[in-house]
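Since the model is a prediction, treat every value here as computed from it, not as a measurement. Chain identifiers are assigned alphabetically (A, B, ...) following the order of the sequence lines, protein sequences preceding nucleic acid strands; residue numbering begins at 1 within each chain. Note that these values count all heavy atoms, side chains included, but never hydrogens, waters or copies made by symmetry.
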Amino acid sequence: MASVPFEYGLLLAGVLFALGMIGVIVRRNLLFILLCVEVMLNAAGLAFVVAGSRWGQPDGQVMFIFLLSMAAAEVAVGLALLLLHFGRKRTLDADQMKEGNAASAPGSAGREGA
Amino acid sequence: MPPQPRAALAGRELEMLTWTWCIPALPLAGFLVLAVFGGRFPRGATAAVGAGSVGLSFAAAAAASVLFILAPPAGGFSSYVLWQWINAGGFSPSLSFTIDALSVVMILVVTGVGFLIHLYSTRFMADEEGYSRFFAYMNLFVGSMLILVMASNLLLLYLGWEGVGLCSFLLIGFWYKDPENGRSARKAFIVTRIGDVSLAIGLFILATTLGTLDVKEIAQKATASWQVGSSLAVAVAALLLGGAVGKSAQLPLQTWLPDAMAGPSPVSALIHAATMVTAGVYLIARTNALFSLAPAVQMAVGIIGAAGVLVAGLSALTQRNIKRVLAYSTMSQLGYMFLALGIGAWSGAIFHLVTHAFFKSLLFLGAGVVILAVNHEHDIYAMGGIARKSPFTFWMFLIAAFTLASIPPTTAGFSSKDLILTLAWQSGGAGRVFCALGLAGVFITSVYIFRLVFIVFAGSPRAPASASAHGHAAGRDGTQAGAVMGIPLAILAVLCLAGGFLALPRDLGGSPYILRFLQTALPAGAIPEAPARTEWILQLISEAASLLGIPVAWLVYRRGRSSVPAPAAGVAHYLQNGWGFDWLYDRLFVRSFVWLARINTRDVVDRIFDGVGGLFMLLSRAFRWTQNGRVRWYAAGLAAGAVLIVAAVVLL
Amino acid sequence: MILVLFIVAPLVLGVAGWVLGRRQAGYSRWCALAGNLFNLCLAAFLWLGASGVLSLPFLAVPGAGSPWMAEVHWPWVPSLGISFSLGLDGLSLTLLGLTALLGIMAVLSSWTGITARVAFFHFNISLVLAGINGVFLATDLFLFVFFWELMLIPMYFLIDLWGHENRHKAAVKFFLFTQVGGLLMLVAIIALAVLHEMATGTWTFALQDLMGTVVSPVIGMLLMLGFFAAFAVKLPAFPLHTWLPDAHTEAPTAGSVILAGLLLKTGGYGLIRFAVPLFPAASRAFAPVAIALAAAGIVYGGIMAFSQKDMKRVVAYTSVSHLGFVLLGIYAFTPLALSGAVLQMVSHGISTGALFVLVGALQDRIHTRDLERMGGLWAQVPRMGAAALVLCMALVGLPGLVNFVSEFLVLVGTWTVSPVATVIAGFGLVIATVYALRLFQAAFHGTPREKWTLPDLSPRETGTLFLAIVLLVLLGLYPAFILGMVGHTVSGVLAQLAAGGAA
């Protein structure tokens, strides 16, 4: 079977990672942000597998399993937080999460200095 | 003089003269006592302390003078050092006094005339509040003036110089409730201060180039090491002249004197006639060595003097305020003294200073009586017929007027002015021009003073304005000068009549006592003796000029002010306002300074630092955008940072 | 050992006053007063020893061996060469005496005026005076910076807590300006120590040791500018003066007295003691700039003083103008000018301190500082008017008062170096007349604009002002008192300059 060239695999991983990153930045729905984070993680995993196949080592696939379990844990925590947040705010819009804004805090108009 | 007392005193004159520091100390002590306790003294005690301290000082001055004349010390002077004033970096002026012929004459004038004026003021100021304040200031003034004339070195002279300037300010603004008086006082202090800075810079040069400020040492070292006409000598002499011009109200710093008449009449008599304004003349006479080394500057002294005679005299012709006439007259007579200094007649200038003190203070004191008689009215056109109301005052004033116009039988003004004119003619060249201008001045003087006499005294008396119109307490009827005011007037009148005998002109018996006396301290000058013919021709011309003034003044009085034709009225207005100097200085200096101050009230340099602060606020606001709490901004930031780091690692 | 007392006495009595003052406010006032009286007596005692009237074995005569009359050396951080070193010479002693005197005046002037947090107020005053004493005594550069910063904090509190309407802004401005300068100086000090270590291998921060450090001209100029920055802000030199009017105006009376009378002098002292001797070549090169700034400051301060309506702001700007004379005198590098500069520090301290006391007393009575609302007050408060007259004449530089002697000495000394600067400073004298007369007449002459009824000076206030005026007159007639004491310092600085500064 003709092996897929190594570079294409990495390229695919890179593109997936970039897409995921853009998705994290651009999307407003918290759920989709989490989804895109998953995409980034999986892209990293793909890179590991491709590298492992290139060098003929099992370490790539070991890392992928490690990564899968870590992603599962992170998704669990993330979804739990998301549910709590939705329970409070009844919205999943990331732009609504602005309580920590320095400009809106009461005592921070501050000394005008010299 | 019998030789016996002289020999007996000869060895002890030095120690006898070491108590001469009492002469300035007594009035200063009077000042301290009055300043601290004056408010609680009754009027009589204040008068006793105020006039008494000057009287005692006069007694001490007279005693010192007698001792000095009977047993003159070697070298013509004796100095007494009180203590070392400053000692730093090789510069060590001391607090020391010198008694020589010049200072003897000056202290007699200051304390003598000063005492008479103090006596007069005990009655004149009797209705005013601030009685003790007045005498405190007057005593401080006399003390400072005495320090000025007795100082051995120019730094101590400068102390007295500034002291009299301060007292002039305080006394001009004595009636402080009226802001106009305050303005006049301020103007006097500031204008003279400009002269003082000029004097100070002259002192800097002297101190750094000759290493001393002692007057005698300066004369020695300068004549030894500086060429005649060298730039150093010219610079120093010009700067000293700047100081003298300020204090003596000569061009171009003369604008303060007419306004200084805002003070009480005794103040005008003492400060602005007899003593303080003559300090400039004294200074130039004292430092005559420096002026001899700079002939160009000495010529400038003469030119300023001659110009002053005419400028001030013409201004005096048009004044309405009785004291302003006398102020311009003072300026004019000081011009004569400067003229004399300019041709090198040092002793002649001082002699005129002495006679001027007599007649000018008599004029001012007489004017004071007149002002009281008309309830503080100063406009001569509102007066009239005072001769009928107060005949004694009229005669005193008339004697003084004759003296000013140098008309015999009053010998004082006649002798001194004649001396100056003769010496001016004899010194040739520019001196002849000065003499001619001086003769013109004689005529003008006569006209303005007799105009004043006629308008104020002739005719029938009018009803005086009420006292309250001029903001003064309505006191006793001031129509008659009482004994306390009359005696000083009488004494001064006698001095006017007899003062000329101090140095009668040669063709009238010639007895230059005072001139010979002064020449032990001041150089005699290289002016050739006048042939008898020239002398009596000049006398004739000057007599004619002054006598001619009387009918001209009568005509002016008769026609009254309403009949002055239009163009002449414009000229008269210009002359009345002091030839526009005030206007010029106001536009040129005062307004620009005030404008400069006003636009910069909120310090422009501060704006720079406010700008720095503003910059930081801007940066802060910019950075605040990154802390907006938006999750996606933070995520974007993380991503951007990560990209940058990876790129850096990969590329670099 | 005795030198430490100067610093410790106000510190201890300040703390004692704070603690006792919580029970009853009066105790803190007396403690503060006692601290200053003690320092004054100590200074007088040492003065008598130094001038030979008393023979004190522990006081050396300053000479070729060491310029100090008395010294203290305790190791602090030996590995870096930092020690607790104090040194006393004529200049320090004079300024210590001035500190104690002005401390007394400051405490007396706030006797009845301060009613809130009195104990903390007097603690701050004692602390700032201890810091100032430390500045005048420290000979280890690190210790100097320590005391320099120590002066700052209590002063900030004094302005911010007990000041007038705009106190917050003024306090912060004061703090920022001085801090930036101090920071630059600290950087310069550390750099100097490092360079010294690189050259000789020993770490030291002691003044005497660092004086001979050889540095390249560029580095020397940069380091000197670092020091100059701190002292120029404090002095204050012309373009860096803008903190002063706000700070002086908004501070309470005691704060203004200490600020104008003492804090400003630390700038002059620093220049004489540190900036010039440590960097003679750079100082010589920089001198024309400094002289130009000084002359500009004299005139600029004068014009600004004339333009203000607030009484305290007028006096504040006169400080800018008068301290221009100090800067001029220091950088003229002649014995006359330097003696004049030192004397001007003393004379300005006394006269401006007294003037702030007077102005504070007036403000306490009529609750305004606006000159346009005053006028004709002489009739009601003749004693205050008389004192104001004398003090305004001190501003003018009337002979007979010590201010004349100091200004004259500075100008005579500067004439040979820069006639232009001297003439410009001479204009400053005329401008001084203008603003001083305006200040005096606007307040005391003329007709009253509003109906004021005010009591005249109380005996306490009269005593304070009388003391200052008597000193001004006595020193004016016999300035040798001060000039003799500082003569050795002056010649020492000029010798250091000649030795180190190549032409």
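Of all the heavy atoms in A:V24 and B:A635, the pair that sits closest is CG1-CB, 4.2 Å.
The environment of CD in B:E129 is sparse: at most 12 heavy-atom neighbours from other residues, nucleotides or ligands sit within 6.0 Å. Annotation for B:F581: atom CZ counts as buried by contact number, over 12 foreign heavy atoms lying within 6.0 Å. More than 12 heavy atoms of other residues, nucleotides or ligands shown are found within 6.0 angstrom of CZ on A:F6. Other residues, nucleotides and ligands place no more than 12 heavy atoms under 6.0 Å from the CZ atom of B:R602.
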Check step by step if side chain to side chain contact (heavy atoms under 4.5 Å, CB included) holds for A:D95 and B:R632. CA-CA 7 Å; A:D95 283 344; B:R632 299 201 297 143; 3.3 Å; yes
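Only the side chain of B:V643 comes within contact range of chain A, with at least one heavy atom under 4.5 Å from a heavy atom of that chain. The parts of A:R28 that come within reach of chain B are both its backbone and its side chain, each placing non-hydrogen atoms under 4.5 angstrom from that chain.
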